[in-house]
Amino acid sequence: MKRISALICAMMLVLAVLAPACFAADKVADDTQAKTSLEIVNSSPEDGTEGVAVDNLSIKIQFNKAVKPSDKDADVRAANAKQFKFTDEDGKKIPTRVYYSDETEGLILVAADPMAAGKNGQMKSDMEYTLHIGKNFKATDGSTLAAPQTIVVKTLNQMRSTIIYMVLMGLMMVGMVFFSIRSTKKAQEKEEEEKKKAKQAGLNPYKEAKKTGKTVAEIVEIENKKKSKQAIEEAKRREELAALEAKILEEMRKENNKRVSGPRPISAAGSDYKVKVKITKKEEPAKKKEYNNAKKSGSHGYQKKHKK
């Protein structure tokens with residue numbers, strides 16, 4: 001029994017001696033890992049994304065640790081800002097701005113600042129831009145990235161996008177017009193069909209009386225008045241149409257037929273033209289024969305007339 005107690009005491013003594021050393025080793029390992037494990041968890045947009053908006057080009061980056069420096073660490077904030085830069089396909093640098101999130105730990109926003117570069121810093125469509133992140137970017141615990149990182153995005157081709165948009169708008173307008181015409185035509189056909197059915201079926205006074213709560217006699221009287229009114233309106237319309245046609249025909253007749261009140265001599269119009277009557281050779285024998293016959297018969301009237 002004494003031996004067991006002694007053995008237990010010896011084991012407890014060994015554990016008491018070795019435990020602090022073990023905890024110290026674990027702490028050193030944790031500190032070493034903390035200073036070398038800053039990593040990018042994800043980004044938005046992700047690396048290789050195409051069709052990014054040209055205006056306000058920016059990338060959100062989520063780290064696995066807190067990276068926002070305190071207000072007192074102005075030097076760290078300035079040093080971290082220098083670890084980010086945008087470049088285009090030609091290698092031209094575009095200034096950047098770095099914004100730290102107050103709500104989400106480890107989240108930052110890196111935005112291109114073309115206005116700081118003047119006219120030559122304007123972002124272009126259908127252009128590949130690369131965000132470079134230096135390995136000296138520090139977290140709040142002092143850890144840094146193991147190696148430099150890059151995120152590549154490509155901006156939207158605005159010309160192609162505009163053409164596609166215009167084509168889609170044109171197709172949409174054509175579709176709207178087509179379906180509007182089709183819908184209107186179907187509505188008209190349905191209305192004509194209903195009118196045709198109603199005309200063929202006629203009015204059912206019993207059904208209408210049941211529907212409206214009026215008596216059959218009242219329904220019939222109303223329908224007769226309606227038909228009488230329609231007949232009067234139709235007759236009036238036909239009379240107006242006939243009167244209009246007659247008026248048009250009369251105006252056409254007056255326009256085509258120019259009449260005078262009676263025969264008038266040509267001199268009444270101011271002309272001095274006189275008609276000269278000539279006796280042709282064919283008419284001379286007949287006139288001569290007529291003269292001889294009158295002379296033989298003693299026609300004084302003809303002689304006097306001839307003498308004159």
Side-chain angles (χ1 to χ4, degrees), residues 20-158 161:
C22 292
F23 286 119
D26 291 340
K27 184 176 181 181
V28 171
D30 292 339
D31 292 341
T32 303
Q33 185 180 6
K35 291 183 179 179
T36 59
S37 61
L38 180 62
E39 297 177 354
I40 295 175
V41 178
N42 56 57
S43 65
S44 177
E46 296 180 349
D47 184 31
T49 302
E50 296 184 359
V52 178
V54 178
D55 299 330
N56 302 322
L57 176 61
S58 60
I59 298 176
K60 289 182 180 179
I61 304 174
Q62 178 66 57
F63 291 94
N64 62 338
K65 293 183 178 183
V67 294
K68 182 182 178 182
S70 63
D71 295 336
K72 296 179 181 180
D73 296 332
D75 295 338
V76 176
R77 188 182 292 266
N80 280 350
K82 292 180 180 179
Q83 300 302 312
F84 298 94
K85 64 177 180 179
F86 267 112
T87 58
D88 60 12
E89 294 176 359
D90 302 327
K92 185 173 64 176
K93 295 181 181 179
I94 292 108
T96 58
R97 289 179 178 270
V98 181
Y99 302 93
Y100 296 89
S101 174
D102 294 328
E103 299 177 357
T104 305
E105 186 179 81
L107 179 65
I108 67 171
L109 175 70
V110 183
D113 187 17
M115 299 300 293
K119 294 182 179 179
N120 297 327
Q122 295 298 321
M123 311 299 285
K124 298 179 181 179
S125 65
D126 197 25
M127 176 69 74
E128 193 174 86
Y129 290 93
T130 304
L131 175 62
H132 301 270
I133 307 169
K135 67 177 182 178
N136 294 325
F137 179 75
K138 289 185 179 181
T140 54
D141 62 359
S143 61
T144 59
L145 294 170
Q149 303 290 326
T150 57
I151 300 174
V152 181
V153 295
K154 191 172 185 179
T155 54
L156 179 68
N157 188 336
Q158 290 183 330
S161 178

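Just so you know, these numbers come straight off a predicted model, no measurement behind them.
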Subject >> Heavy-atom closest pair, residues A147 and K135 >> reply: C-CB, 3.8 Å
Which pairs of donor and acceptor atoms, one on a side chain in residues 40-57, lie under 3.5 Å apart (sequence neighbours left out)?
| residue | atom | partner | partner atom | Å |
| --- | --- | --- | --- | --- |
| S43 | OG | P45 | O | 3.2 |
| D47 | OD1 | V152 | N | 2.7 |
| T49 | OG1 | E46 | N | 3.3 |
| T49 | OG1 | E46 | O | 2.7 |

**OP:** For N157, check side-chain contact (heavy atoms from CB on, under 4.5 Å) against everything at least two apart and list the hits.
**Re:** D126, M159, R160
Subject >> Atom pair CD1/CG of I59 and L131 - distance to nearest 0.5 Å >> reply: 4.5 Å
Original post:
Partners of K138 by side-chain hydrogen bond (donor to acceptor under 3.5 Å, both in side chains), sequence neighbours excluded?
Top reply: none
**OP:** For residues 53-89, pull every pair meeting ring pair (Phe, Tyr, Trp, His ring centres under 6.0 Å), keeping only residues two or more places apart or in separate chains.
**Re:** F63-F137, F84-F137
Subject >> Test side-chain contact (heavy atoms from CB on, under 4.5 Å) applied to K124 - qualifying residues, sequence neighbours left out >> reply: M127, Y129
Original post:
Roughly how far, to the nearest 0.5 Å, is the CG atom of L145 from the CG atom of L38?
Top reply: 4.5 Å
Can you give me every donor-acceptor pair (side chain of residues 99-112, partner residue at least two apart or in another chain, under 3.5 Å) with its distance?
| residue | atom | partner | partner atom | Å |
| --- | --- | --- | --- | --- |
| S101 | OG | E103 | N | 3.3 |
| S101 | OG | T104 | N | 3.0 |
| D102 | OD1 | K68 | NZ | 2.0 |

**OP:** Please list, chain by chain and in numerical order, all residues satisfying salt bridge (Lys or Arg N to Asp or Glu O under 4.0 Å) with K85, sequence neighbours excluded.
**Re:** none
Original post:
Going from CD1 on I133 to OG1 on T150, what distance comes out if it is rounded to the nearest 0.5 angstrom?
Top reply: 8.0 Å
When the side chains of residues 71-78 are checked against the rest of the protein, which donor-acceptor pairs come out under 3.5 Å, sequence neighbours left out?
| residue | atom | partner | partner atom | Å |
| --- | --- | --- | --- | --- |
| D73 | OD2 | S70 | OG | 3.0 |
| R77 | NH2 | P69 | O | 3.2 |

**OP:** Write down the atom of D113, the atom of R97, and the distance for their closest heavy-atom approach.
**Re:** OD2-NE, 3.1 Å
Original post:
With no hydrogens and no angle check, is any side-chain donor or acceptor of D90 less than 3.5 Å from a backbone partner on K92?
Top reply: no
Original post:
Between E128 (side chain) and E89 (backbone), is there a donor-acceptor pair under 3.5 Å?
Top reply: no
